[in-house]
Amino acid sequence: MRLTQTLIPTLREAPQDAEIPSHKLMMRAGLIMKLGGGLYTFLPAGLKALRKVERIVREEMDRAGALEVLMPALQPREIWEKSGRYAVLKESMFKVKDRQQRDMVLGPTHEEVITDLVSRLISSYRQLPKTFYQIQTKFRDEIRPRFGLMRAKEFSMKDAYSFDVSWEAADISYQAMYDAYVRIFKRCGLRTKVVEADTGAMGGNFSHEFMVLAESGEDGIVECEACSYAANLERAERKAPVPKASSTDQPPTVVATPGQRTIEEVSSFLKLKPWDLIKTLIYLADGNPIAVLVAGHRDLNEHKLARILGGVSLEMADDQTIAKVTGAPVGFAGPVGLKIPIYADVELQTPRIMATGANSADSHLINVMIERDFQVTSFHDLVIAKEGDKCPRCSIRMREKRGIEVGHVFKLGTKYSQAFDAGFLDDKGTRQISIMGCYGIGVTRTLQAIIEQSFDEDGIIWPMAIAPYQVSVVVPNTGHAESVRVAEELIRDLEAKGIEVLFDDRDERPGVKFKDADLMGLPIRAVISERSLAEGKVEVKRRTEKDKQMVSVTDTVSVIQSIIQGELA
RNA sequence: CGGGGUGUAGCGCAGCCUGGUAGCGCGCCAGCCUUGGGCGUUGGAAGUCGUGGGUUCAAAUCCCACCGCCCCGACCA
């Protein structure tokens, strides 16, 4: 392809609204163009790269035995009511009406559609197991789209759904997808970290996320420095330290703490460490107030709390409720005397002398001892794990990282198959419900994550498997007819071998072409000039390397071919 | 949704405080020159100054409202 015939509008400067390296580079390299917040057009080169990701995904899904289908993005509201997710997800779904004023949504995901489909088409255990997948555009009304394709309102996703006759069989389907994901990301040139994850709005009981480690990642994760334990912060457990027990004969004593509301304020006012304070949070669980206690230096993990309480809707109590429950304005809540259920983090289980809010304005209690002065309903691991916490498996130190979630595999169970009565007759003629799994890859996000993980100060460094073109041919002086003639011949030979070549045939200064070649990041660059031809050579350089090699004109095709094969192997 | 920022040519920005002719760099078009790391030069095209309203003889500039975009947050006890 000639550069003058396609459209790759490279930019010298990054548009001001791009923040992270991969977003800036996608814009600068002319891969995408913004239409509005979270909405992007794929330009020719960007689309070529995207198609390569899709192709790898497709090949590995097919290899894993999954069946490709294509479901509607436009869906009737009813199926979302049926699964009960309309209420859960309605804020994040785009809702439209047809001309009959029927409510429709633009699908953010497809559990409902596929389960409805399977409930109609599968009736016997002989038809199972089945895994279906599609690569399709998803719509989500994100609270805050950002970072280009990383979090967009409209994006391409590969979603897959497995149906099995039993939990054991479902584990096999899950593992097959897991293994396929490992291969997909490896082929995309990505280094990923697999972590245990929270299932969130998807439901189900177990999931793994595939994370691309990156500073700009939106997810926090912890990983053990010794064993293989790694988890999303939303789920990560920690082995709680057992503090030294202490006790006092002094009863809880009220001290005035005018205007001191936050842990930082109170601890410095009382000359205590945050660790010596009990943080008391008031929540509404399905509308009923509960208290949650964590040590002052810790933050509550709402996901853990929600899981322990078992599927209730959870929200922080508003100021009025807090005032009603505690008898004090916000900032002075404490567990002593509370008449509501109290859940506490395990780190508080060892009785020791602590301080907490006094449930009355501008005052706190000191000399408070758990169990002696108040009773806890139950203890759980309730806090967000952090750097330095002990691994729940092996007790060794964990460290914190950030990651981009590019894939997520779930064991779903029967949440949807139950709702849609997606079942089958077993060999005894008994009606059973299918066990489901679901599996997603953010295709557009994966593309950008590849760049986020592979660039330098000059631009993108594409992996061979994803690069829009494998070879960039540069003729520094297009006024030199012989250079152009040799270049065109080389390109013809390369293309005859199925190699994709981008020929920079612009009448530009050499510097411009070299800068753009680096920016676009094609893996191999071939330069043909009067200078190189004087020796009968072509200069071949890999984007990943500083040094160039001089190759005789006749050997160039085979040299390039072997570089490509070597890297794709 | 809350807070902050921002909106002037395709991109990056100045001008606004102190109202009076809309400007710079890159890019684009035509020519000359040059040809191994964003070269030089001459000429040129291109902007409802986000939108609407108000103040004023006069508004990019001052005031009000709305909209878009970006960032932070959506756990405060």
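- If you check rG38(B), rG36(B), rG73(B) against the side chain of D516(A), the one that comes closest is rG38(B).
- Remark: the separation of the P atoms in rG47(B) and rG23(B) is 13 Å, to the nearest Å.
- Spacing between atom CZ of R525(A) and atom P of rG37(B) amounts to 11 Å, rounded to whole angstrom units.
- Under a 4.0 Å N-O distance rule, the pair R402(A)/D219(A) does not qualify as a salt bridge.
- Closest to the side chain of R12(A), from the set rG27(B), rG36(B), rU35(B), is rG27(B).
- When the P atom of rC71(B) is taken as reference, atom CD of E142(A) falls 13 Å away, rounded to whole Å.
- Across the C1' atoms, rC39(B) and rG52(B) are found 48 Å apart, a figure rounded to whole Å.
- Nucleic acid contact for A328(A): none, since no nucleic acid atom lies under 4.0 Å from a heavy atom of the residue.
- A donor-acceptor contact under 3.5 angstrom links the side-chain atoms of E539(A) to the base of rG36(B).
- Using a 4.0 Å heavy-atom criterion, one finds that G357(A) contacts no nucleic acid atom at all.
- Judged purely by distance below 3.5 Å, without hydrogens or angles, the side chains of S532(A) and E539(A) never pair a donor atom with an acceptor atom.
- Among rC69(B), rC75(B), rC11(B), the nucleotide with an atom closest to any side-chain atom of E302(A) is rC75(B).
- Paired with D381(A) under the rule salt bridge (Lys or Arg N to Asp or Glu O under 4.0 Å), one option of R298(A), K304(A), K239(A) passes, and it is K304(A).
- One interatomic measurement links the two molecules: CD of E234(A) to C1' of rC75(B), which rounds to 14 Å at whole-angstrom precision.
- Using a 4.0 Å cut-off between a side-chain N of Lys or Arg and a carboxylate O of Asp or Glu, E488(A) and R2(A) qualify as a salt bridge.
- Between F139(A) and F94(A), the ring planes are perpendicular. Angles over 60° get that label, and only those under 30° would be called parallel.
- Atom CD1 in I143(A) sits roughly 11 Å away from atom P in rC75(B) (whole-Å rounding).
- You'll find that the side chain of D518(A) is closest to rG37(B), out of rG27(B), rG37(B), rG36(B).
- Base-pair partner of rA58(B): not found among the strands shown (Watson-Crick or G-U wobble, both distances under 3.5 Å).
- No engagement by R298(A) is indicated, since no non-hydrogen atom pair under 4.0 Å with the nucleic acid exists.
- The side chain of S529(A) has rG36(B) as its nearest neighbour among rC75(B), rC69(B), rG36(B).
- Across all strands shown, Q16(A) has heavy atoms under 4.0 Å from sugar-phosphate atoms exclusively, and none from any base.
- Comparing rG4(B) with rU61(B), their C1' atoms sit 23 Å apart, to the nearest whole Å.
- Note: NZ (K548(A)) to P (rG37(B)) measures 9 Å, nearest angstrom.
- Using a 4.0 Å heavy-atom criterion, one finds that P476(A) contacts the bases of the nucleic acid, with or without backbone contacts as well.
- Backbone-only engagement by G37(A) is indicated by non-hydrogen atom pairs under 4.0 Å involving sugar-phosphate atoms exclusively.
- Comparing rG31(B) with rC49(B), their P atoms sit 34 Å apart, to the nearest whole Å.
- Toward the 5′ end of RNA chain B lies the nearest nucleotide of G479(A), the other residue of the pair G479(A) and T280(A) mapping further downstream.
- A distance of about 25 Å separates the P atoms of rG37(B) and rG25(B), rounded to the whole Å.
- With rounding to whole Å, R151(A) atom CZ is found 12 Å from rC71(B) atom P.
- Remark: rC26(B) base-pairs with rG10(B); criterion is Watson-Crick or G-U wobble with both hydrogen-bond distances under 3.5 Å.
- Nearer to the 5' terminus of RNA chain B, by closest-nucleotide assignment, is the contact made by I528(A) (compared with the other of I528(A) and G36(A)).
- V266(A) comes within 4.0 angstrom of nothing in the nucleic acid, heavy atoms only.
- Ion pair E218(A)/R151(A) flagged as a salt bridge, since at least one NZ, NE, NH1 or NH2 atom sits closer than 4.0 Å to an Asp/Glu carboxylate oxygen.
- Distance check on atom P: rA59(B) versus rA45(B) gives 26 Å, rounded to whole Å.
- Between rC72(B) and R144(A), a contact under 4.0 Å exists linking OP1 or OP2 to a side-chain N or O.
- rC32(B) is paired with rG40(B) under the Watson-Crick or G-U wobble criterion, all donor-acceptor distances under 3.5 Å.
- The side chain of R531(A) approaches rG36(B) more closely than any other nucleotide in the set rG36(B), rC70(B), rC75(B).
- The pair E234(A)-R307(A) fails the salt-bridge criterion, with no side-chain N (NZ, NE, NH1 or NH2) lying under 4.0 Å from an Asp/Glu carboxylate O.
- Look at the P atom in both rC62(B) and rU6(B): the space between them is 12 Å, to the nearest Å.
- In this structure, R506(A) atom CZ and rG27(B) atom P are separated by 11 Å, rounded to whole Å.
- For R485(A) and E489(A), the salt-bridge test passes: some basic side-chain N is under 4.0 Å from an acidic carboxylate O.
- Using a 4.0 Å cut-off between charged side-chain N and carboxylate O, D504(A) and R525(A) make no salt bridge.
- Nucleotide rG73(B) has rC1(B) as its partner under the Watson-Crick or G-U criteria, with both atom distances under 3.5 Å.
- Note: CG (D507(A)) to P (rG36(B)) measures 13 Å, nearest angstrom.
- Checking rG12(B), rC75(B), rU34(B) against the side-chain heavy atoms of R509(A) singles out rU34(B) as nearest.
- OP1 or OP2 of rC70(B) lies within a sub-4.0 Å distance of a side-chain N or O belonging to K34(A).
- With C1' as the reference atom, rA58(B) and rG54(B) are 15 Å apart, rounded to whole Å.
- Picking from rC11(B), rC69(B), rC75(B) the nucleotide with the shortest atom distance to the side chain of D17(A) gives rC69(B).
- Of the candidate nucleotides rG37(B), rG36(B), rC39(B), rG37(B) has the atom lying nearest to any side-chain atom of K515(A).
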